[in-house]
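Here the structure comes first, spelled out in structure tokens, and everything after it is commentary.
The basis for the numbers below is simple: all heavy atoms, side chains too, and nothing from hydrogens, waters or symmetry mates.
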Amino acid sequence: MADEAKAKGNAAFSAGKFDDAVRHFTDAINLAPTNHVLYSNRSAAYASLNRFSDALSDAQKTVDLKPDWPKGYSRLGAAHMGLHSYADAVSAYKKGLEIDPSNDGLKSGLADAENALARSSRPGSGGSPFGEAFGPEMWVRLASDPSTREYLQQPDFVKMMQDMQKNPNNLNLYLKDQRVMQALGVLLNIKFQAREDTEMASNGSPERKRPAEADPVKEEKRPEREPETEPEPMDVSEEEREKRERKAQAQKEKEAGNAAYKKKDFETAIQHYSKAVELDDEDISFLTNRAAVYLEMGKYEDCIKDCEKAVERGRELRSDFKMIARALTRKGTALVKMAKCSKDYEPAIDTFHKALTEHRNPDTLKKLNDAEKAKKDLEQQEYYDPKLADEEREKGNQYFKEQKYPEAIKHYTEALKRNPKDPKAYSNRAASYTKLGAMPEGLKDAEKCIELDPTFTKGYTRKGAVQFFMKEYDKALETYQEGLKHDPNNQELLDGVRRCVEQINKASRGDFSPDELKERQAKAMQDPEIQNILTDPVMRQVLTDLQENPKAAQDHMKNPLVMNKIQKLVSAGIVQVK
């Protein structure tokens, strides 16, 4: 139950529904109050809502429960940053790094905290509204506001905000960008009159455009903006103007690369992305896009090199964690492609795990699961040997005859590792489990045996025997009857049917001792099928009529479905028919 609530909280957090995330994480904590991860997750949700005091409380609880977990100190540092307790934030991040010195998230957090502490110590630092706006909590505030959240997926916007965070005086360089004006309004809690790009929706009403994605596969082309009427700032230096022009040209090269990619003109796409990288080395999306092209071309090593450059450069620039996760996921995808020849999936699996630590993306998680399955399948194929499987099964048979059932199970298990499609090994292991009284394991093996070969009658005798020993006589009878469809003269199946009928008739007569009846009823009440019958309004009326209205009960008995359900209740000792 706690895991289910946690999963709902994670999903709500990923969707930006932070209030819902807090509620789900709270439900999970109520069910598992000593789980440190739940407090950590709720701390992150509180921080996204700017409820930093609550975030601090949960972060401290996380550290108290798991003092050797680096992530707890990351949460603690983030909460202190939101409360402007920069010295405490520095201390928290340093404690985390003592546990995990190579943790990039803690390193980045420490750098931000130290910078914030330094800025707050400067004379007059508290009087600048822009210094406050571009403080360490800037990203949380932008992510929490619906009007700016989508911009954080746009690398050029992220770069501009990072540039202004480093030096608020660079604001003049970006005032013509409406996204920056919108973000400034959110950060300063004021509303600017700004023109927004719109396009017509299908119903003729204006509709805000979706932000362009960095990935060339999904990127939607954005129409060029109309010329702005605002004058160029007078204090922009020639060097800064050239830098802006290079960035603008790099974006055009990227768009040209995206267009070529969609047309599957990969060589041209490579040329445009390479030119974009030359013009602007502060946008790692150019590298990840070029890596995507190399991936399509089957140039996996080139793809991996670009992804590694993107991760390295992204960490230097403190790029959006989602962009770094994308680069790692793309690298992992290339490694999976190469593993089909090298037979080594471990590097890909390790890379996907690293990507998920940056951003828990469902697509990355699926790729990880697929890679782990491929690795497992490969190991199984390499281990596959039907001849050795038969030898192990024969060893198991010998131990079974000697009544050494644990040893028999060991050899049957090895036989199944060598040949997982052998129904006989499952049947024999089911028999061994039954002898040891391990009924659930025996039932599972018997069902697997039938699944692999529905005509193999031994599977039905094994399954029926387990169900009989579990006193599920109706189910055992059905199993034996199903087996007789494949082998009508099988004596074991016929004997099984006879034993089941005897027990069912015994139940109909109520021929049980009080202890036997109590045991049978208790077991039956745990059966979902019996529970459904007893909660069915129609059956409840039938049972009432059986006791109070014999004539109406006779009418019910004409219905085969009702009779079948009553028979199950009789067999379970719940109902006695006189």
Side-chain angles (χ1 to χ4, degrees), residues 386 389-390 393-394 396-397 400-401 408-409 412-413 415-416 419-509 520 523-524 526-533 536 539 556-575 577:
D390 290 341
R393 178 159 49 80
E394 286 304 320
N397 292 344
F400 186 91
K401 292 175 183 178
I409 288 174
Y412 291 140
T413 301
L416 287 169
N419 183 9
K421 300 296 184 181
D422 182 9
K424 293 180 181 178
Y426 277 108
S427 171
N428 293 0
R429 192 170 68 172
S432 299
Y433 279 132
T434 304
K435 291 291 187 180
L436 290 173
M439 300 305 172
E441 291 82 357
L443 182 61
K444 183 178 179 181
D445 272 3
E447 289 176 339
K448 184 65 176 180
C449 172
I450 294 172
E451 177 190 330
L452 291 172
D453 186 358
T455 66
F456 186 50
T457 53
K458 271 292 183 183
Y460 296 97
T461 59
R462 302 297 191 209
K463 181 178 178 181
V466 172
Q467 291 169 324
F468 188 90
F469 286 128
M470 294 173 71
K471 299 183 180 180
E472 296 177 346
Y473 303 122
D474 282 321
K475 293 181 179 180
L477 179 60
E478 291 176 3
T479 298
Y480 288 132
Q481 289 173 336
E482 186 65 28
L484 287 170
K485 292 178 183 179
H486 303 285
D487 188 0
N489 299 316
N490 186 286
Q491 193 58 49
E492 283 188 88
L493 294 173
L494 291 170
D495 289 342
V497 169
R498 177 181 52 77
R499 290 194 303 272
C500 290
V501 170
E502 288 176 355
Q503 290 297 322
I504 291 172
N505 289 338
K506 185 178 179 181
S508 299
R509 296 191 301 269
R520 181 179 291 268
K523 186 175 183 62
Q526 297 176 2
D527 188 333
E529 185 178 7
I530 297 296
Q531 292 173 5
N532 289 334
I533 293 175
D536 183 348
M539 287 304 300
H556 293 312
M557 296 300 183
K558 296 176 182 179
N559 187 325
L561 293 177
V562 171
M563 277 299 297
N564 183 48
K565 291 180 179 180
I566 290 175
Q567 185 61 51
K568 291 182 182 295
L569 295 177
V570 170
S571 177
I574 302 295
V575 171
V577 180

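- Qualifying salt bridge (charged side-chain N to carboxylate O under 4.0 Å, His left out) partners for Lys444, counting only residues two or more places apart in sequence or in other chains: none.
- Between the side chain of Tyr480 and the main chain of Glu492, no donor-acceptor pair closer than 3.5 Å is present.
- The ring pair (Phe, Tyr, Trp, His ring centres under 6.0 Å) analysis of residues 447-466, with sequence neighbours excluded, yields the pairs Tyr460-His486.
- Annotation for Leu416 and Ala425: closest pair CD2-CB, 3.5 Å, computed over non-hydrogen atoms.
- Minimum interatomic distance between Gly464 and Ala476 (heavy atoms only, all atoms of both residues): O-CB, 3.6 Å.
- The minimum heavy-atom distance linking Asn419 with Ala389 is given by the pair CB-CB, 3.6 Å.
- Under the rule for a side-chain hydrogen bond (donor to acceptor under 3.5 Å, both in side chains), the partners of Thr479 that lie at least two apart in sequence or sit in another chain are Gln467.
- Of all heavy-atom pairs between Ala446 and Gly459, the closest is CB-O, 4.0 Å.
- Applying the side-chain hydrogen bond (donor to acceptor under 3.5 Å, both in side chains) criterion to Glu478, with sequence neighbours excluded, gives Lys568.
- Counting only residues at least two apart or on different chains, the salt bridge (charged side-chain N to carboxylate O under 4.0 Å, His left out) pairs with a member in residues 446-455 are Glu447-Lys463, Lys448-Glu451.
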Identify all side-chain donor-acceptor contacts of residues 431-439 below 3.5 Å with residues at least two apart in sequence or on another chain.
residue: Ser432; atom: OG; partner: Asn428; partner atom: O; Å: 3.2
residue: Thr434; atom: OG1; partner: Ala430; partner atom: O; Å: 2.8

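- Legend: salt bridge (charged side-chain N to carboxylate O under 4.0 Å, His left out) pairs involving residues 423-432, not counting sequence neighbours, sorted by first then second residue: Arg429-Asp445.
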Verdict with reasoning, Phe468 to Gln503, per side-chain contact (heavy atoms from CB on, under 4.5 Å): CA-CA 10 Å; Phe468 188 90; Gln503 290 297 322; 4.0 Å; yes
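- Take Asp422 and apply the salt bridge (charged side-chain N to carboxylate O under 4.0 Å, His left out) test, not counting sequence neighbours, and it matches Arg393.
- Taking CG of Leu443 as the reference point, atom NZ of Lys475 lies at 8.5 Å (rounded to 0.5 Å).
- Checked against side chain to side chain contact (heavy atoms under 4.5 Å, CB included), Lys485 has the following partners two or more places apart in sequence or in another chain: Glu482.
- Residues forming a side chain to side chain contact (heavy atoms under 4.5 Å, CB included) with Leu484 (at least two apart in sequence, or on another chain): Leu493, Leu494, Val497.
- Every residue was checked against the salt bridge (charged side-chain N to carboxylate O under 4.0 Å, His left out) condition with Glu441, not counting sequence neighbours, and none meets it.
- The line from OG1 of Thr457 to CG of Asn490 is 4.5 Å long, rounded to the nearest 0.5 Å.
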